[in-house]
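Just so we're clear, the structure is a prediction, and the values are computed from it rather than from any experiment. Nothing fancy with the numbering, it's 1 onward along the sequence.
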Amino acid sequence: EVQLQASGGGLVQTGGSLRLSCAASGFTFDHYNIGWFRQAPGKEREGVSCISSSDGSTYYADSVKGRFTTSTDNAKNTVYLQMDSLEPEDTAVYYCAADSAETSCLRVEIGFYGMEFWGKGTQVTVSS
């Protein structure tokens with residue numbers, strides 16, 4: 001059974017940091033691009049970042065560029081989202097998702113979020 005599980009969320013003050021983890025079971029990340037998404041109450045889902053399995057290239061939304069970093073640990077079959085300099089506007093439920101198509105990160109970049117597998121979200125709350 002294919003599963004993705006995001007974890008590491010919590011409550012942090014403005015300017016703080018969190019590291020989210022996305023662990024996979026039932027498949028390996030080697031041939032999947034991994035995206036991070038978030039959705040705040042009353043707002044549309046936003047593609048935050050994406051990392052390509054083919055060359056490790058990354059995409060970041062303008063809203064998080066320079067503050068968030070995504071990385072992969074293939075040995076642990078886990079993808080991370082390091083979030084620094086957090087702001088109240090970063091408060092949302094964060095999801096990770098995987099897709100085997102080569103163009104999936106490009107799709108995330110232009111706002112198409114039709115990924116193959118989605119994990120349950122983890123809540124991130126940034127207090128002011």
Side-chain angles (χ1 to χ4, degrees):
E1 181 184 4
V2 172
Q3 284 189 334
L4 286 172
Q5 180 63 57
S7 61
L11 174 64
V12 65
Q13 291 185 333
T14 296
S17 298
L18 284 173
R19 188 177 78 159
L20 305 184
S21 299
C22 177
S25 59
F27 72 103
T28 59
F29 281 150
D30 301 49
H31 302 292
Y32 285 81
N33 298 332
I34 306 299
W36 284 96
F37 304 81
R38 67 186 182 185
Q39 190 162 17
K43 294 188 177 180
E44 294 185 353
R45 185 165 293 187
E46 176 187 15
V48 173
S49 72
C50 194
I51 185 165
S52 169
S53 62
S54 61
D55 61 4
S57 60
T58 52
Y59 157 76
Y60 297 97
D62 287 343
S63 56
V64 306
K65 200 171 293 183
R67 301 187 298 119
F68 290 12
T69 305
T70 187
S71 60
T72 301
D73 186 335
N74 286 333
K76 295 183 178 181
N77 215 29
T78 300
V79 174
Y80 302 99
L81 183 68
Q82 177 66 41
M83 306 187 296
D84 298 319
S85 301
L86 283 162
E87 303 166 352
E89 293 73 24
D90 296 317
T91 295
V93 177
Y94 284 71
Y95 303 86
C96 60
D99 194 280
S100 60
E102 289 187 11
T103 58
S104 49
C105 282
L106 291 175
R107 296 203 308 263
V108 171
E109 188 168 345
I110 62 173
F112 288 94
Y113 303 150
M115 308 289 276
E116 288 180 68
F117 307 116
W118 287 85
K120 293 182 180 179
T122 185
Q123 175 71 46
V124 171
T125 303
V126 185
S127 63
S128 57

### Heavy-atom neighbours of Gln39 CD exceed 12 at 6.0 Å
yes

### Task
Side-chain contact test, heavy atoms from C-beta onward, threshold under 4.5 Å: evaluate it for Ser17 versus Val12 and give yes or no.
no

### From CD (Gln82) to OG (Ser21), nearest 0.5 Å
9.5 Å

### Query
Is there side-chain contact between Glu46 and Ser63, with at least one heavy-atom pair below 4.5 Å?
yes

### Query
Would a hydrophobic clustering, with Ile, Leu, Val, Met, Phe, Trp and Tyr connected at side-chain separations under 4.5 Å, put Val126 with Tyr60?
yes

### Task
Look at the side chain of Thr72 and the backbone N and O of Asn74, then say whether any donor-acceptor pair between them is shorter than 3.5 Å.
no

### Message
So does Phe29 get a backbone contact from the side chain of Asn77, meaning a donor-acceptor N/O pair under 3.5 Å?
### Response
yes

### Message
Membership question, hydrophobic clusters at under 4.5 Å side-chain separation (ILVMFWY): are Met115 and Tyr59 in the same one?
### Response
yes

### Query
What is the distance from atom CD of Glu87 to atom OG of Ser128, rounded to the nearest 0.5 Å?
12.0 Å

#### Entry: Hydrophobic cluster membership, Ile51 vs Tyr113, 4.5 Å side-chain cutoff
no

#### Entry: Where Gly9 and Leu20 come nearest, the two heavy atoms and their spacing
N-CD2, 3.5 Å

### Query
Short question: side chain of Asn33, backbone of Ala101 - any donor-acceptor pair under 3.5 Å?
yes

### Query
Is there side-chain contact between Ser127 and Leu11, with heavy atoms separated by less than 4.5 Å?
yes

### Query
Do Asp90 and Met83 have side-chain heavy atoms sitting under 4.5 Å apart?
no

### Task
Could you check if a side-chain atom of Ser100 sits within less than 4.5 angstrom of a side-chain atom of His31, using non-hydrogen atoms only?
no

### Query
Considering all heavy atoms of both residues, which atom of Ser52 and which atom of Asp55 are nearest to each other, and what is their separation?
OG-OD1, 3.3 Å

### Task
Kindly indicate whether the side chain of Val2, heavy atoms from C-beta on, has any atom under 4.5 Å from the side chain of Glu116.
no

### Task
Treating Ile, Leu, Val, Met, Phe, Trp and Tyr as nodes and any side-chain heavy-atom pair under 4.5 angstrom as an edge, say whether Val48 and Trp118 lie in one connected cluster.
no

### Query
Between Cys96 and Ala6, which heavy-atom pair has the shortest distance, and what is it?
SG-CB, 4.1 Å

### Task
For the residue pair Val64 and Ser49, establish whether any side-chain heavy-atom pair is separated by less than 4.5 Å.
no

### Message
If I take atom NZ from residue Lys120 and atom OG from residue Ser7, how far apart are they, to the nearest 0.5 angstrom?
### Response
13.5 Å

### Query
Taking the six-membered ring for Trp, are Phe68 and Trp36 ring centroids under 6.0 Å apart?
no

### Summary
Minimal heavy-atom distance between Leu4 and Ala97, with the atoms involved, is CD1-CA, 3.8 Å

### Task
Find out if a path of hydrophobic residues (ILVMFWY) with successive side-chain heavy-atom gaps under 4.5 Å connects Tyr94 to Tyr80.
no

### Query
Atom CD of Glu89 and atom CZ of Arg38: how far apart are they, to the nearest 0.5 Å?
9.0 Å

## Note on the structure
Rounded to the nearest 0.5 angstrom, the CD-OG1 distance for Gln123 and Thr91 is 7.0 Å

### Query
For the atom pair OG1 (Thr122) and CG (Leu81), what is the distance rounded to the nearest 0.5 Å?
11.0 Å

### Task
Flag the pair Val79 / Thr70 as yes when at least one side-chain heavy-atom distance between them is below 4.5 Å, and no otherwise.
yes

